[in-house]
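First the proteins, then the strands, lettered A, B, ... as listed; each starts at 1.
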Amino acid sequence: MSLVIYNSLTRKKETFVPLTQGYVGLYVCGPTVSGESHLGHARPYVTFDVVYRYLTHLGNKVRYVRNITDAGHFEEEGREAEDKISKKATLEKLEPMELVQKYTNLFHWAMLQMNNVEPSIEPTATGHIVEQINMIETIIKDGYAYVVNGSVYFDVEKYHADFSKKGLPYGILSGRVLEDMLETTRELDNQEEKRNRADFALWKNAPPEHIMRWKSPWGEGFPGWHIECSAMSTKYLGDEFDIHGGGMDLQFPHHECEIAQSAVCNHKSPARYWMHNNMITINGRKMGKSYNNVIKLSELFSGNHPILEQAYHPMTIRFFILQTHYRSTLDFSNEALQASEKGLKRLWEAYENLGKLPVTNNQQPVTSNLKPVTELDETVLKLLNELDEFMNDDFSTAKVLANIFELVPTINALKNKQLAADALSNDVIVFMQQKLKLFIEDILGLKFENSGGEHLDGVLQLLINIRKEAKTKKDFVTSDKIRNELSAMGIQLKDEKDGSVSWSI
RNA sequence: GGUCCUGUGGCCGAGUGGCUAGGCAGAGCUCUGCAAAAGCUUCUACAGCGGUUCGAAUCCGCUCGGGACCUCCA
């Protein structure tokens with residue numbers, strides 16, 4: 001049973017074989033820190049966090065590189081080219097790097113809230129200007145780029161003509177046909193510098209008002225959109241690496257251009273497996289700046305947005321994302337998120353209950369080769385062993401969660417003694433404890449935070465005891481008062497079967 | 001216009017041609033001083049029309065609807 005990944009490059013599921021056994025190079029396109037991250041941004045980072053966690057779990061040493069784009073891109077090709085970051089800096093009267101720092105910090109904060117593991121290397125575009133210039137020089141030297149007025153453009157047509165023969169036509173990733181693209185000549189202004197409509201900028205000459213600028217062989221300017229990823233992935237992962245990930249909207253032109261740049265410089269396609277996550281939509285529409293329908297992560301966590309009916313915990317968002325397959329669109333709505341919130345709560349309670357089931361020998365690691373003794377053993381073992389299969393099948397987190405949910409009734413019934421204690425063998429319970437911890441916490445990265453802490457629990461135990469005394473005296477007025485008023489504060493008391501009382505928020 | 005994806009029950013979403021995914025919501029029952037929780041049972045599906053097949057949500061075609069990319073975008 002081996003890991004199978006859907007490769008956007010071949011449009012097929014393929015068995016994953018790393019270039020070097022036991023080592024995996026993973027590059028994921030990071031955020032542009034000219035603004036705050038929104039819900040849509042959460043998706044790739046959660047998706048690839050799970051990819052990273054799972055590859056690591058499989059025993060690989062993974063180098064996970066996720067860049068920070070802190071150098072300017074073009075706002076809009078048709079209009080005056082301007083550096084997004086420097087433009088906003090002028091408006092806010094901030095230093096560009098101050099703005100970059102602010103949004104980088106906010107991004108890191110959001111990633112931490114979502115319990116995403118930090119990447120191994122998080123390189124910045126501004127920190128790799130030299131590497132980018134070097135790469136551009138190579139491309140010019142090889143004849144695949146030309147200089148006009150201090151800007152450098154990639155010659156797509158020439159590249160396509162030469163590299164098609166080598167099996168790397170321009171459009172190999174996105175399925176686009178260059179000839180078609182050249183025909184659809186949409187009128188665009190300020191295109192006169194380019195020889196061809198499909199050409200893209202490697203370096204842009206900086207107009208005098210530009211704050212972010214670097215010296216280059218072609219004058220002062222700043223790097224083009226795509227070159228940073230090529231430069232940084234090459235530097236940290238080599239000419240050829242295993243997996244390149246990002247949002248589907250980056251497939252073209254960003255990733256297509258990366259392939260072309262790297263192919264010229266390194267004589268091969270940079271990544272062997274390309275993975276693209278689908279979009280988060282809102283009312284069926286992609287969430288994005290251009291649509292003016294974004295909900296920032298900080299707003300989601302605080303509930304401070306007109307669309308939001310309430311605040312949503314970062315783990316609810318993570319769970320919400322994992323409940324669907326990463327290649328499907330995911331539609332946001334309050335209803336959907338509230339369903340996730342309740343589902344996650346149910347999962348946590350069962351998970352807690354599982355941890356409390358009385359077992360012996362729970363320190364011993366139990367293998368999946370357990371022999372089922374009872375009928376229930378067989379069902380449970382089947383559900384547990386399928387978890388690996390699902391993850392191996394292109395990271396089907398939705399199915400993993402579905403199976404875990406199928407275990408919930410069994411766990412709860414054992415805890416409430418609705419099932420006989422021996423319905424499930426001790427070893428199977430231990431195995432389930434170990435396996436669910438592995439999948440829920442380590443692989444899916446769901447983190448349970450017990451709010452309140454020791455003090456609150458002490459206070460509640462006091463109230464629970466007072467209520468118990470009242471109940472013994474059949475003073476239900478007092479007992480109900482305690483329960484109802486706690487409930488109004490959001491704390492639920494539950495009378496358990498064995499006479500004990502538990503609480504949850 | 002070009003390229004591609006998609007249409008599943010009240011909502012969200014898995015689905016490899018035959019065997020009820022799962023979550024949320026609804027109904028009934030059990031437990032309980034009452035409640036909550038939990039357990040058990042249960043109702044709502046595969047956009048439409050054809051075709052292939054012994055058999056299709058799953059493959060093919062057409063129609064209708066939705067979306068993405070082609071411009072910064074996760």
Self-check item: Short side-chain donor-acceptor distance under 3.5 Å, A/N278 and A/R43
Solution: no
Exercise. Mind checking A/G288 for me? I need base, sugar-phosphate or nothing, with any heavy atom below 4.0 Å counting as a touch.
Key: nothing
Exercise. Would you tell me whether A/E36 and A/S298 have side-chain atoms, one donor and one acceptor, within less than 3.5 Å of each other?
Key: yes
Quiz item: Between A/A398 and A/S328, who's closer to the 5' end of RNA chain B by nearest nucleotide?
Solution: A/S328
Quiz item: What is the nucleic acid contact for A/L344, judged by heavy atoms within less than 4.0 Å: base, sugar-phosphate only, or nothing?
Solution: nothing
Quiz item: Considering only side-chain heavy atoms of A/K289, which listed nucleotide, B/A74, B/G22, B/C24, is closest?
Solution: B/A74
Quiz item: Counting just side-chain N and O atoms, does A/R346 come under 4.0 Å of either OP1 or OP2 of B/A36?
Solution: no
Quiz prompt | B/C60 to B/U42 separation - P atoms, rounded to the nearest Å | solution = 35 Å
Exercise. Please work out if A/H38 contacts a base, only the sugar-phosphate, or nothing of the nucleic acid, heavy-atom cut-off 4.0 Å.
Key: base
Exercise. With P as the reference atom in both, quote the distance from B/A35 to B/G15 in angstrom, rounded to an integer.
Key: 41 Å
Self-check item: Smallest separation among heavy atoms of A/Q433 and A/L357, with atom names
Solution: NE2-O, 3.9 Å
Exercise. Please measure how far the C1' atom in B/A36 lies from the corresponding atom in B/C31, and state the result in whole Å.
Key: 12 Å
Exercise. May I ask you to verify whether the side chain of A/Q492 and the base of B/A36 hold a donor-acceptor pair under 3.5 Å?
Key: no
Exercise. List the atom of A/D331, the atom of A/A336, and the distance in Å for their closest heavy-atom pair.
Key: O-CB, 4.3 Å
Quiz item: What is the distance from CZ of A/F332 to P of B/G13, rounded to the nearest Å?
Solution: 12 Å
Quiz item: With respect to the side chain of A/R467, which nucleotide from B/G23, B/C34, B/G39 is positioned closest?
Solution: B/C34
Exercise. Respond yes when some side-chain nitrogen or oxygen of A/R66 is under 4.0 Å from OP1 or OP2 of B/A74, and no when none is.
Key: no
Exercise. Identify the nucleotide, in any strand shown, that forms a Watson-Crick or G-U wobble pair with B/G17, with both distances under 3.5 Å; if there is none, say none.
Key: none
Practice problem: Nearest whole angstrom, please: distance from the P of B/G13 to the CD1 of A/I321. | Solution: 13 Å
Exercise. Could you check which nucleotide pairs with B/C4 in any of the strands shown, counting Watson-Crick or G-U wobble with both distances under 3.5 Å?
Key: B/G67
Quiz item: Taking the six-membered ring of A/F48, is NZ or CZ of A/R66 closer than 6.0 Å to its centre and within 45° of its axis?
Solution: no
Self-check item: Phosphate OP1/OP2 of B/U71 contacted by A/Y291 side-chain N/O (<4.0 Å)
Solution: no
Self-check item: Sugar-phosphate, base or nothing in reach of A/K494, heavy atoms under 4.0 Å
Solution: base
Quiz item: Does A/R197 put a side-chain nitrogen or oxygen below 4.0 Å from OP1 or OP2 of B/U71?
Solution: yes
Practice problem: Can you tell me, in whole Å, how much space there is between the C1' of B/U16 and that of B/C49? | Solution: 27 Å
Practice problem: Output yes when at least one side-chain N/O atom of A/K286 is less than 4.0 Å from OP1 or OP2 of B/C69, else no. | Solution: yes
Self-check item: Interatomic distance, A/N293 CG vs B/A68 P [rounded to whole Å]
Solution: 10 Å
Quiz item: Using a cut-off of 4.0 Å on non-hydrogen atoms, how would the nucleic acid contact of A/V408 be classed: base, sugar-phosphate, or nothing?
Solution: sugar-phosphate
Exercise. Both distances under 3.5 Å, Watson-Crick or G-U wobble: report the partner of B/U32, or none.
Key: none
Practice problem: Using the C1' atoms only, state how far B/G18 lies from B/A57, rounded to an integer number of Å. | Solution: 13 Å
Self-check item: A/K415 side chain near B/A38 phosphate (N/O to OP1/OP2, under 4.0 Å)
Solution: no
Quiz prompt | Presence of A/N277 side-chain N/O under 4.0 Å of B/A74 phosphate oxygens OP1/OP2 | solution = no
Exercise. Determine the contact category for A/I404: base if any of its heavy atoms lies under 4.0 Å from a base atom, sugar-phosphate if only primed atoms, P, OP1 or OP2 are that close, otherwise nothing.
Key: nothing
Exercise. Using the P atom as the reference point in each nucleotide, state the distance between B/U44 and B/U20 in Å, no decimals.
Key: 15 Å
Practice problem: Look at all strands and tell whether A/F405 reaches a base, only sugar-phosphate, or nothing, counting heavy atoms closer than 4.0 Å. | Solution: sugar-phosphate
Practice problem: May I have the step-by-step check of salt bridge (charged side-chain N to carboxylate O under 4.0 Å, His left out) for A/K382 and A/E386, ending in yes or no? | Solution: CA-CA 6 Å; A/K382 181 170 180 287; A/E386 277 174 348; 3.1 Å; yes
Quiz item: Starting at NZ of A/K417 and ending at C1' of B/A38, how long is that distance when rounded to a whole Å?
Solution: 13 Å
Quiz item: Is A/Y45 stacked on the base of B/A74, with ring centres under 5.5 Å apart and planes under 30° apart?
Solution: no
Quiz prompt | Side-chain-base donor-acceptor pair under 3.5 Å for A/D495 and B/A35 | solution = yes
Quiz item: So, for A/Y312 and A/F320, is the gap between ring centers shorter than 6.0 Å?
Solution: no
Exercise. Starting at atom NZ of A/K474, determine the distance to atom P of B/U32, rounded to an integer number of angstrom.
Key: 13 Å
Quiz prompt | Spacing of A/R176 atom CZ relative to B/A68 atom C1', expressed in whole Å | solution = 10 Å
Practice problem: Identify the nucleotide, in any strand shown, that forms a Watson-Crick or G-U wobble pair with B/G50, with both distances under 3.5 Å; if there is none, say none. | Solution: B/C60
Quiz item: Base, sugar-phosphate, or nothing for A/D480, non-hydrogen atoms under 4.0 angstrom?
Solution: base
Practice problem: Select base, sugar-phosphate, or nothing to describe what A/M279 touches, counting heavy atoms under 4.0 Å on all strands. | Solution: base
Practice problem: Could you tell me whether A/Y159 and A/F154 have their ring centroids closer than 6.0 angstrom? | Solution: yes
Quiz prompt | A/Y273 and A/E14 side chains, donor-acceptor separation under 3.5 Å | solution = no
Practice problem: Send over the distance from A/N67 CG to B/C73 P, rounded to a whole Å. | Solution: 11 Å
Quiz item: When the nearest nucleotide of RNA chain B is assigned to A/G175 and to A/G30 on a heavy-atom basis, which residue is associated with the more 5' position?
Solution: A/G175
Self-check item: C1'-based separation of B/A21 from B/C46 [nearest Å]
Solution: 14 Å
Exercise. Please work out if A/E341 contacts a base, only the sugar-phosphate, or nothing of the nucleic acid, heavy-atom cut-off 4.0 Å.
Key: nothing
Quiz item: Roughly how far apart, to the nearest Å, are B/C12 and B/C62 at atom P?
Solution: 28 Å
Quiz item: To the nearest Å, how far apart are A/H276 NE2 and B/C5 P?
Solution: 15 Å
Quiz prompt | Presence of donor-acceptor pair under 3.5 Å, side chain of A/R43 and base of B/A74 | solution = no
Quiz item: With both distances under 3.5 angstrom, what nucleotide forms a Watson-Crick or G-U wobble pair with B/U42?
Solution: B/G26
